[in-house]
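For reference, the structure is listed below as structure tokens.
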Amino acid sequence: ISFTRPYHEKVIDHYTNPRNVGSLDKNLPNVGTGLVGAPACGDVMRLQIQVNDATGIIEDVKFKTFGCGSAIASSSYVTELVRGKTLEEASKINNGIIAKELSLPPVKLHCSMLAEDAIKSAIKDYTSKRGKRGPTLGPDA
Ligand code: FES
Ligand code: FES
């Protein structure tokens with residue numbers, strides 16, 4: 001017999017006390033915005049990063065999620081993960097890392113997938129905006 005597990009305490013913690021809720025000015029040249037939706041349930045997540053152009057480090061991050069508790073917890077956790085990381089480090093975050101940290105059950109895996117999609121899409125938006133402003137200055141430039 002299998003019982004429905006209650007939400008893991010980490011999900012409840014992020015859900016009741018989400019980190020980094022809000023928005024950044026999407027028109028700023030160094031802000032990347034990711035807006036993604038989950039076809040399975042219609043939940044929507046917006047995640048924004050503010051990047052230091054010279055170092056490629058994510059200096060600020062905000063999210064807004066219209067969705068289930070697991071989606072809110074996943075996005076909240078991702079904002080904690082990426083703050084202070086380089087774009088390259090942040091682009092390696094996948095839903096497995098999120099699902100594991102939050103102990104998400106199989107039916108909630110797509111919620112963590114949404115958070116992975118959101119950070120990837122925010123990075124892509126920043127990178128394309130950055131590309132239009134000329135070559136990126138990396139550490140070895
Ligand atoms: Fe209802 Fe995600 S399916 S909030
Ligand atoms: Fe769809 Fe959580 S149920 S994002």
Side-chain angles (χ1 to χ4, degrees), residues 1-139 141:
I1 305 170
S2 72
F3 293 95
T4 310
R5 264 188 344 144
Y7 278 112
H8 192 271
E9 62 188 34
K10 281 179 182 161
V11 172
I12 295 169
D13 177 33
H14 278 279
Y15 177 67
T16 52
N17 180 25
R19 299 11 159 209
N20 305 305
V21 173
S23 30
L24 299 169
D25 181 357
K26 66 173 168 37
N27 296 317
L28 285 177
N30 64 336
V31 168
T33 299
L35 182 66
V36 294
C41 63
D43 292 356
V44 176
M45 188 180 288
R46 187 187 66 201
L47 196 143
Q48 297 180 294
I49 50 172
Q50 185 163 326
V51 183
N52 181 314
D53 283 336
T55 60
I57 287 173
I58 298 171
E59 293 186 329
D60 202 4
V61 50
K62 296 271 187 246
F63 84 93
K64 247 181 192 171
T65 293
F66 303 91
C68 70
S70 298
I72 290 167
S74 294
S75 37
S76 170
Y77 177 55
V78 161
T79 63
E80 283 196 322
L81 269 184
V82 302
R83 185 185 288 279
K85 289 219 161 64
T86 64
L87 291 172
E88 202 193 326
E89 289 164 345
S91 66
K92 289 187 189 133
I93 288 167
N94 62 48
N95 79 305
I97 296 168
I98 304 162
K100 193 167 167 227
E101 164 72 14
L102 299 174
S103 306
L104 295 181
V107 294
K108 289 288 172 181
L109 285 182
H110 80 271
C111 318
S112 57
M113 198 66 203
L114 201 56
E116 175 185 333
D117 289 348
I119 180 64
K120 294 220 155 101
S121 151
I123 291 170
K124 202 172 151 204
D125 183 49
Y126 168 79
T127 308
S128 87
K129 279 164 100 175
R130 186 73 187 86
K132 286 179 193 134
R133 286 181 288 136
T136 307
L137 293 175

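First listed ligand is number 1; within each ligand, the first listed atom is number 1.
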Practice problem: Just jot down the salt bridge (Lys or Arg N to Asp or Glu O under 4.0 Å) partners of K10, sequence neighbours excluded, or say none. | Solution: E101
Exercise. Measure across H110 and C41 and return the closest heavy-atom pair with its distance rounded to 0.1 Å.
Key: NE2-SG, 3.5 Å
Quiz item: Which atoms of ligand 2 are found less than 4.0 Å from any heavy atom of C41?
Solution: 1 (Fe), 3 (S), 4 (S)
Exercise. Find all atoms of ligand 2 within a distance of less than 4.0 Å from any non-hydrogen atom belonging to C68, and give their numbers and elements.
Key: 2 (Fe), 3 (S), 4 (S)
Quiz prompt | Any D25 side-chain heavy atom under 4.5 Å of V31 side chain | solution = no
Quiz item: Going by the atom numbers of ligand 2, which of them fall below 4.0 Å from some non-hydrogen atom of K108?
Solution: 3 (S)
Quiz item: At a 4.0 Å threshold, what atoms of ligand 2 neighbour a non-hydrogen atom of H110?
Solution: 1 (Fe), 2 (Fe), 3 (S), 4 (S)
Quiz item: Considering all heavy atoms of both residues, which atom of S121 and which atom of V36 are nearest to each other, and what is their separation?
Solution: CB-CG1, 4.1 Å
Quiz item: Between C111 and ligand 2, which part of the residue brings a heavy atom under 4.0 Å of the ligand: side chain, backbone, both or neither?
Solution: both
Quiz item: How would you list, by chain and number, every residue that makes a salt bridge (Lys or Arg N to Asp or Glu O under 4.0 Å) with E80, sequence neighbours excluded?
Solution: R19
Exercise. Please could you name the atoms of ligand 2 that D43 approaches to less than 4.0 Å, counting only its heavy atoms?
Key: 1 (Fe), 2 (Fe), 3 (S), 4 (S)
